[in-house]
Amino acid sequence: MSDYLSHLNPSQLKAVKQTKGPVMVIAGAGSGKTRVLTYRIVHLLKQGVDPFNILSLTFTNKAAKEMKERIEKIVGLEAKNIWMGTFHSVFAKILRYEADKLGYPSNFTIYDSDDSKALLRRIIKEMNLDTDIYKVNIVQSRISSFKNNLITVKAYTNNAELKTQDDAAHRPQMGMIYEKYVKECFKSAAMDFDDLLLKTNELLFRHPDVLHKYQHRFHYVLVDEYQDTNHSQYLIVKALASLNENICVVGDDAQSIYSFRGANIRNILNFKKDYSDAKVIKLEQNYRSTQNIVNAANSVISNNKDQLDKKVWTSNQLGELIKVNRSTTDSEEAVSVASSIQETKLREQALSQDFAILYRTNAQSRTMEEALRKRNIPYRIYGGLSFYQRKEIKDMMAYFRMASNLRDEEALRRIINYPKRGIGNSSIDRMTLAASEQQKTLWAIVGDIKNDSVGLNSGSATKVDNFATLIKSFQMMVAEKDAFEVATYIAKQSGILREMQVDKTPEGISRFENLQELLNGIQDFVNQENEKPEEERNTSLSYYLEDIALLTDAEKADEDDGDHVSLMTIHQSKGLEFPYVYVVGLEENLFPSQMSLTARVDLEEERRLFYVALTRAEKRATLSYALTRYRWGNLIDCEPSRFIEEINEKYLDINFINVKSSPRNAGNRNFGSNYKTKVPSRYNTSKKKEAPKQDSAPRFIPKNLKKINPNIQARNYKEQTYSTGMKVEHDRFGVGVICKLDGSGANKKISVNFTDVGEKTLLAKFAKLNILK
DNA sequence: GGAGGCCTCGGAAGG
DNA sequence: CGAGGCCTCC
């Protein structure tokens with residue numbers, strides 16, 4: 001496959017061939033971003049670059065996997081040697097290799113966010129702090145943001161501003177919690193997700209030799225979704241690339257929707273400042289959506305101030321207008337979506353999988369689900385608990401973690417009395433106290449309970465000792481047996497399997513099946529390892545844990561569960577595309593979210609989220625809102641989202657509204673009595689908003705639009721004047737000539753003689769004819 | 001030590 | 001409204 005370059009348009013080609021020096025690729029929605037990244041790597045390999053010298057970073061395992069597969073398809077097994085993976089997995093690998101330099105064992109545990117939450121909860125409790133003020137979620141995200149900005153405990157202590165912020169928020173003990181949290185993690189030989197990046201920075205900046213080594217290893221660095229990088233990731237990338245400066249970042253500032261988890265849109269906006277000789281290549285041709293969708297999306301995003309200049313366009317067909325639907329209640333909204341799906345399936349011979357329903361919050365899925373179920377439309381709700389977050393899996397994994405790292409205190413606490421073995425809270429509290437007094441790990445006390453430094457009664461001590469003996473036997477086995485043998489042994493000996501088998505409720509059976517699934521997965525892992533050459537082979541349970549610690553999602557995607565409508569949050573839909581997309585709940589305080597209304601940057605992010613939602617659609621986008629909605633059990637009144645108003649009206653089809661006879665003046669559209677035409681000025685912070693509306697669309701449309709009949713482009717919901725003899729076009733019936741007009745107003749009828757289907761009589765208000773001449 | 005009732009609180013979610 | 005943490009009572 002040597003003609004791979006011929007599949008690219010000029011900008012894509014440029015992005016692929018510009019392999020030297022810093023390059024930023026701004027990839028508009030649907031512009032073939034993955035194709036460029038893939039081919040760029042293929043191109044490097046074809047030029048003779050050693051795969052070991054290429055570092056390619058993504059945010060999700062899925063993205064990494066897909067890219068690897070695509071490259072492998074073209075260049076073969078050579079692709080396996082590329083350093084390709086998520087930030088976290090690549091740097092976890094490096095950290096394990098260099099762990100001793102940071103005082104960690106190489107088999108350190110990775111705490112997921114539940115583990116860190118549990119630890120924080122314990123710390124806050126131990127410090128006797130008010131849990132209403134020191135809420136775990138707040139503390140956790142605060143510490144996360146410290147770490148993502150490289151603010152260590154020491155740096156925090158020296159930072160008066162942060163201290164002042166926390167004092168002002170009535171959380172003066174934040175620094176102390178942070179300190180204890182970091183110490184506990186270290187004591188447990190554990191790193192949380194943020195540590196994987198923070199410690200990598202530490203490693204690279206404190207050990208110039210290590211930095212030097214990896215700078216020389218990675219001749220070429222590629223970063224996908226650069227707009228999603230946080231400061232910590234930014235610094236790592238910068239450090240690694242600073243020697244060769246062969247760095248290529250790909251992203252779209254307009255799709256930056258993750259600031260709430262630390263992503264810093266400045267990284268992409270400032271790339272040119274960081275690398276003065278950077279080449280910026282824009283992929284502006286959209287291959288996914290119709291012109292109406294692309295133009296509507298452009299008109300919305302132009303309301304944002306913080307953005308890189310680009311003009312997304314498409315040569316696809318004009319397509320349908322964006323539909324806007326209003327319902328009285330949220331359940332009516334769901335019914336109207338479901339019936340529209342059903343109708344479209346029949347009329348356009350579409351499959352269920354051609355449809356997606358996108359919403360701002362997960363809570364909105366329920367009404368949608370009910371409506372779909374009533375009509376027997378198959379659907380799948382994405383999101384929710386992933387496989388590895390299930391209790392039964394986490395319990396089992398906690399045993400594995402203990403067997404591999406005895407210092408893992410969160411795992412120990414999770415299983416010391418599960419299944420029930422009579423070790424209660426008072427025993428655990430006593431041992432915890434002893435551990436802290438003697439400056440030992442909790443396991444050191446548990447594993448040596450017979451030496452009686454704790455003062456448990458003999459019955460409790462025996463129970464603890466039996467537990468310790470059990471864990472020790474697991475640990476010994478890890479060194480000798482393969483992961484599957486150890487895992488099945490643990491499942492039986494720990495009593496978990498027995499516990500599962502007894503429970504015959506549907507939930508219990510499902511838990512048992514999940515456990516089986518986990519064991520099957522471990523068997524697969526062992527089999528795969530056994531296929532490798534002996535020197536690369538590692539079938540141990542510890543290695544299995546390393547392998548899957550960062551897999552937060554079970555690979556259920558390929559477990560194709562057939563033709564279904566997809567229900568998901570807009571965040572989850574990023575990167576996906578569907579012929580028909582329904583964006584529901586377009587209401588003020590829901591979308592945009594109420595929490596985004598106080599700051600311009602937050603509102604802009606909501607707008608980007610809306611942009612992402614719109615640009616998922618290939619053929620048709622339908623927006624909807626309800627006038628009332630149940631929220632936390634209460635019925636509340638809603639107003640349509642400002643985002644609907646921000647779309648240039650000529651791309652909208654809101655013909656369902658009882659249009660009053662009064663003429664609408666431009667820029668002051670009337671969506672019905674409940675529509676708020678004026679947004680409160682304090683929200684109206686974007687300067688660009690004042691620009692005349694009609695500008696936003698054509699400005700973004702390049703030459704090729706001229707091929708399109710301007711009359712078609714001008715089509716909108718406004719009443720059109722028809723006369724006999726006019727040549728018109730209908731979506732379904734094709735081209736024809738008007739032969740008769742009847743009635744007036746709402747009852748106005750038009751008879752058209754269509755070339756293909758003969759004469760048809762249509763109601764003018766529903767006909768939506770394009771006047772051709 | 002465990003079950004069940006009370007209370008609180010609610011955003012989006014990658015690794 | 002519903003999930004999950006916490007507390008009380010047995």
Side-chain angles (χ1 to χ4, degrees), chain A residues 57-64 85-93 110-118 121-122 124-125 131-132 135-138 140-141 144 147-148 191-198 200 224-225 227-230 232-233 256-263 330 358-367 382-386 388-389 391 417-428 459-460 463 548-553 568-575 585 589-597 602 605-606 608-610 612-613 629-636:
Chain A
L57 298 168
T58 62
F59 273 82
T60 65
N61 290 303
K62 196 175 152 218
T86 62
F87 275 90
H88 292 85
S89 70
V90 167
F91 296 119
K93 195 167 161 186
I110 296 172
Y111 274 179
D112 69 14
S113 71
D114 286 346
D115 294 318
S116 27
K117 221 172 256 178
R121 198 168 280 131
R122 216 170 72 230
I124 291 167
K125 214 171 189 176
T131 50
D132 287 340
K135 290 181 186 175
V136 178
N137 286 325
I138 292 175
Q140 187 183 35
S141 79
S144 173
K147 290 187 174 182
N148 288 332
M191 293 195 196
D192 65 19
F193 288 135
D194 301 322
D195 282 334
L196 296 176
L197 307 173
L198 175 67
T200 299
D224 191 11
E225 307 280 15
Q227 77 282 353
D228 289 342
T229 49
N230 63 35
S232 190
Q233 289 162 323
S256 162
I257 54 173
Y258 283 112
S259 76
F260 66 90
R261 65 180 197 212
D330 49 351
L358 308 181
Y359 34 78
R360 179 66 179 81
T361 68
N362 279 308
Q364 291 166 260
S365 66
R366 226 192 65 202
T367 46
Y382 290 77
L385 273 197
S386 81
Y388 293 106
Q389 286 176 307
K391 184 185 177 301
N417 197 33
Y418 179 82
K420 300 275 178 283
R421 49 175 68 88
I423 306 174
N425 283 336
S426 57
S427 303
I428 296 172
S460 297
K463 288 169 183 165
I548 64 131
L550 295 167
L551 279 189
T552 45
D553 213 357
M568 61 182 84
T569 63
I570 300 162
H571 283 91
Q572 285 171 314
S573 75
K574 194 167 150 216
N589 297 329
L590 179 59
F591 192 20
S593 147
Q594 192 169 12
M595 302 180 200
S596 71
L597 299 181
D602 292 341
E605 178 152 318
E606 291 287 298
R608 292 192 293 269
L609 191 59
F610 182 56
V612 168
R629 174 177 301 277
Y630 275 99
R631 210 168 183 190
W632 302 325
N634 298 316
L635 192 66
I636 55 158

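Letters go in sequence order (proteins before strands), and every chain restarts at 1.
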Check: [X] side chain, [Y] main-chain N or O, donor-acceptor pair, under 3.5 Å:
X: A:Arg608; Y: A:Ser256; answer: yes
X: A:Gln140; Y: A:Ser113; answer: yes
X: A:Asp224; Y: A:Ala63; answer: no
X: A:Asn230; Y: A:Gln233; answer: yes

5'-most by nearest nucleotide on DNA chain B - A:Ser89 or A:Gly422: A:Gly422

Which residue lies more 5' along DNA chain B, comparing A:Ala549 with A:Asn425 via nearest heavy atoms: A:Asn425

Provide, to the nearest angstrom, the distance between the [atom1] atom belonging to [X] and the [atom2] atom belonging to [N].
X: A:Gln140; N: B:dA13; atom1: CD; atom2: P; answer: 15 Å
X: A:Arg261; N: B:dG15; atom1: CZ; atom2: C1'; answer: 8 Å
X: A:Asn230; N: B:dG15; atom1: CG; atom2: C1'; answer: 11 Å
X: A:Leu551; N: B:dG15; atom1: CG; atom2: P; answer: 8 Å
X: A:Ile570; N: B:dA13; atom1: CD1; atom2: P; answer: 10 Å
X: A:Lys574; N: B:dG15; atom1: NZ; atom2: P; answer: 12 Å
X: A:Tyr382; N: B:dG14; atom1: OH; atom2: P; answer: 14 Å
X: A:Asn148; N: B:dG15; atom1: CG; atom2: C1'; answer: 11 Å

Check nucleotides 7-12 of chain B against the protein and report each pair of N or O atoms closer than 3.5 Å, with its distance, or say if there are none.
unit_1 : atom_1 : unit_2   : atom_2 : d
B:dG10 : N3     : A:Trp632 : NE1    : 3.1
B:dG11 : N2     : A:Arg360 : NH2    : 2.2
B:dG11 : N2     : A:Glu606 : OE2    : 3.0
B:dG11 : N3     : A:Arg360 : NH2    : 3.2
B:dA12 : OP1    : A:Asn362 : N      : 2.9
B:dA12 : O4'    : A:Arg360 : NH1    : 3.0
B:dA12 : O3'    : A:Thr569 : OG1    : 3.4
B:dA12 : N3     : A:Arg360 : NH2    : 3.4

What contact category does [X] fall into here, base, sugar-phosphate, or nothing, at under 4.0 angstrom with non-hydrogen atoms?
X: A:Gly383; value: nothing
X: A:Arg366; value: sugar-phosphate
X: A:Arg121; value: sugar-phosphate
X: A:Asn634; value: nothing
X: A:Ile423; value: sugar-phosphate

Under-4.0 Å side-chain N/O to phosphate OP1/OP2 contact, A:Asn61 with B:dG15: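 So the side chain of A:Asn61 is within the cut-off, an N or O lying under 4.0 Å from OP1 or OP2 of B:dG15.
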
Short side-chain N/O contact from A:Asn417 to OP1 or OP2 of B:dG2, under 4.0 Å: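 Affirmative; the distance criterion is met.
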
Ion pair check, A:Lys117 and A:Asp112, cut-off under 4.0 Å: no

Charged N-O contact under 4.0 Å between A:Asp192 and A:Lys147: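 Looking at A:Asp192 and A:Lys147, the cut-off is met.
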
Exceeds 12 heavy-atom contacts within 6.0 angstrom, atom CZ of A:Arg122: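 Correct, the count exceeds 12.
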
Those residues that, when tested against A:Tyr258, pass ring-ring contact (aromatic ring centres under 6.0 Å, His included) (two or more places apart):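 In terms of ring-ring contact (aromatic ring centres under 6.0 Å, His included), with neighbours along the sequence ignored, A:Tyr258 is linked to A:Phe260, A:His571.
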
For chain A, the stretch of DNA chain C it reaches, first to last nucleotide, under 4.0 Å of its heavy atoms: C:dC1 to C:dC6

Donor-acceptor side-chain pairing of A:Thr86 and A:Ser89 below 3.5 angstrom: yes

Pi stacking test for A:Phe59 and B:dG14: under 5.5 Å apart, planes under 30°: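 Check failed, A:Phe59 does not stack on base of B:dG14.
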
Between B:dG14 and C:dA3 - C1' atom distance, rounded Å: 23 Å

From A:Thr229, A:Leu196, A:Asp228, residue fulfilling side-chain contact (heavy atoms from CB on, under 4.5 Å) relative to A:Phe87: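 One option only clears the test, and that one is A:Thr229.
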
